[in-house]
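Order of listing sets the numbers, starting from 1, for every ligand and every atom in it. Nothing fancy with the numbering, it's 1 onward along the sequence.
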Amino acid sequence: MDLETFSPGSGRLEPRAALRTDAPSVDLNGTWRFRLSPTANVPEDFAGPDYDDSGWDDLPVPSHWVLHGHGAPAYTNVVYPIPVDPPRVPDENPTGDYRRVFDLPEGWTGGRLRFEGAESFARVWLNGHELGFSTGSRLPVEYDAGPYLRPGRNVLAVRVHQWSAATYLEDQDMWWLPGIFRDVTLTRSAADVFVRASYAADGRGTLSFDGPGTLSVPELGVENLEPGTEITVGVRPWTAETPHLYDAVVTCPGETVRLRVGFRSISIEDGVLLVNGRPLLLKGVNRHEFHPEHGRAVPYETMREDVLLMKRHNVNAVRTSHYPPHPDFLDLCDELGLWVIDECDLETHGFGGFGWRGNPTDDPRYEDALLDRMRRMVERDKNHPSVIMWSLGNEAGVGRNLAVMAGWTRERDPSRPLHYEGDRSCSHTDVYSRMYASHAEVEAIGRREEDPLDDPELDARRRQLPFLQCEYAHAMGNGPGGLAEYQELFERYPRLAGGFIWEWIDHGLAHPEHGYAYGGDYGEPVHDGNFVIDGLVFPDRTPSPGLIDLKKVFEPVKFEFGDGVVRVVNGHGFTDLSHLRFVAVVQVEGETVAEHRLDVPAAGGECKLPGFPDRPGGERWLTVRAELAADEPWAPAGHEVAWGQALLTLHDPAPNELLTSFTRAATEPADGAGVSDGEAGQDGGSRDGVGLRYGGGAGARDELIAGDSAFDAATGRLVRLFGTEVDGPRLDLWRAPTDNDRADGLADKWHRLGLHRLTHRVEEITAGEELVVRTRVAPAATNLGMLATYRWTFDGGLRLVLDIEPEGDWRDPVARIGVTMTLPGSAVDRVTWFGPGPGEAYPDTGMSARVGRWSATLEELQTPYVRPQENGHRADVRWAELGGIRVSGEPVFGLTARRWSAAELAAARHLPDLVAGDRLHLHLDLAHQGIGTATCGPRPLPAYDLLARRTTLRLRFDRA
Ligand code: IPT
């Protein structure tokens, strides 16, 4: 067989719509017989009906064979895993032979064999007759089975080759996962229907259709509409916010087809993207099909979970990166309401490395294949109201074949704009699309002040197009940072139609040893590591902090607080606020003291707040929440859609008690034989040095004691805090680099400078009413340093004022400025704090954190990024209690608590590498470096760079 043919297939029937029909069908999913061969050169005798496959294995269909013990998955982003030599492919070409025996129902005649997706080159035989072959892995294909079906027993045989000429068209950034991974059916359905339903802003819809038979929509009183006739009816429009669908029936010869029709119109006016005449703001995500056990063979319930999760996090749009999804996914988008950019199964990114020489996109020999892919997508998905744009593909360079794809599509379906990002000239598209453009560039485009194209005509045309970011805010590891600033721009400039976060899910494959595997974990010779772990949800679909933040940033309701009033702003595009109820909650130090319903007008507007009770002590906060008033198909009543917070009153803390002086004592080393807290408390309690006590004996240590806390007299480090043995807070400037820190080049700079191996030198210790420990903190081999002066006082609690002063020419941002101390691991298992929570927050993330009283176990404080890295920092903490100690900020501090050190965190490659030690590592920070999204896109905005500067950290330690 010629795997190196440019032809997209043979023996196939014309592509048609995915339809629900009452035509009989036989579900051919299930257990098939399977054999894997290392090359394509295997006898074809297996296709015969009487072939003995008893020596083969069982394999489920749909599935990928590499996830069932045959061969292994491989991950590459841009580069091809085979030599770039189109259309040729290596002799080593994993080839899966499949056999399935089925019984034909009695009286059955005719029919089509339909494959929804096979990766990548599939030949099909029925009862020994070859029906044809097809490529285009994520697109359906049908063969006429009629002539070869037999009454009773039938044998279907399929041979799937991993590599073919078509491989060059499928270079998407994802795992290479061969196999029949979507459904297989034998169907007697043959109908193709194209319903066109548009909406005019005045409540009128127009309806027509192409296809056999007649169309009825009982709810609209439409009966037996003939093909090609257009009628106007009064309808409720379809939008992602109001996904009204009308059941339609097309009575065709031999079958009755059911469709759900949604009326909506997409247009572009003066560079603004409109739906039903109103501006559309896409709050989108890029969705790959992925399941940690099943790869791209995603179970229906999982697809549904994706849509529900998106809706519940205020996501309103999906780009089906970078291929058409399983058809059921689009049904769910119609039903539950998501705007969709449906993207063709095309990417040739690996040619970019050679200046795009030889790119199939510009190779006439590949024209048929590219057009074939576009046709099969458009024909399959043309009836979905959720699909509002067709995308020609992703990262496929530029070339003549794009014009062919676009030309055909415009003719076939003029109702939807075309999208393609890879051609900056926008020659074939109706929208200007970019990926990972910086905030500044997005703003320039919003103002229509972008840099011009060389060709003035094309430039003038592009300047009239709406703009969207088909990918932005790369959600790899900790992050993305900068979401709020992008959203602010999208909402400010009408030309900006929003965008799609990269990407929905971490593609971590379940792995017995690593937990979740990424590139390289299967021994791939060429791979791109954890670049495939860049999602808003973890592989098991637990929302990551990035998604929780995104929910806040995408909120369709905003609150503006004034004196005794709150202004509620409706940010929906197509609905008012009548589906929401509003609750106001007042909390003092995180304890609820009042709760009220607010009467908010359906259109939004100003709303008077009732008087709220107060009580002394701490902070009094008002939180207003918008929740669903009734169950929606995507979330139950009470689901929170948006919230806002305002500080009502701030009570000054009680003044300090009288100070206790520090006194010198000698004690045994800290192995439990030292001073007990009772003794230390008594001894240290005097102001005149009476308690000075030298324990003597070998290994005794001089201590400076105040109350029940003690410092090592030689190092000035805190060794005992209210009886708990600790290893004192010391200046720390480093964190386990995030993926974004690495991509930004900062992680390397920190490493070269030695921020992870600071040395501490005590210059002077003076003790009296105040214990002052002057130190110089610096890494080896540099003349840079930090003068760190710890000033301790004791007034029943221990107060630290840490002055930090950089010495030398510090140029690059540091990772953090704060202190790190350790406690016995057994002392702590839960942390309670007052401040923003419950999730992690860094300078340019954590928009979802709200002020309150929170409590979490140490385990819950860790964010399980698949590739371990800095995580779990709680920002602006007022106070935290752990292990009998209360730490307070003056006014706030950043809190991170772990059972491993930053060095151990940095060394881990997978989550199981992190093993709890016997110490608790407590980081109390003044500031952190921003996160940004440098793994793909801009580094942190300048405001979020943490430059070394003279600064002061103030903390208190009390008994909890
Ligand atoms: C962009 C790709 O379109 C996407 O598939 C993914 O690889 C993403 O990058 C990074 O995760 S292309 C990039 C060169 C901007």
Check your understanding: Run the side chain to side chain contact (heavy atoms under 4.5 Å, CB included) check on W163 and W176 step by step: do they pass?
Key -> CA-CA 10 Å; W163 311 128; W176 296 90; 3.6 Å; yes
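Here the CG atom belonging to D844 is positioned 10.0 Å from the CZ atom belonging to R939, to the nearest 0.5 angstrom.
Under the ring-ring contact (aromatic ring centres under 6.0 Å, His included) criterion, H64 pairs with F181, sequence neighbours left out. With sequence neighbours excluded, no residue forms a salt bridge (charged side-chain N to carboxylate O under 4.0 Å, His left out) with K283. Listed by chain and number, the residues in a side-chain hydrogen bond (donor to acceptor under 3.5 Å, both in side chains) with S427 are S425 (sequence neighbours excluded).
The number of heavy atoms from other shown groups lying within 6.0 Å of NE2 (H751) does not exceed 12.
Protein residues having at least one heavy atom under 4.0 Å from any atom of ligand 1 are N77, D173, H322, H349, N394, E395, M435, Y436, E471, H474, W502, F531, D534, C936, listed by chain and number.
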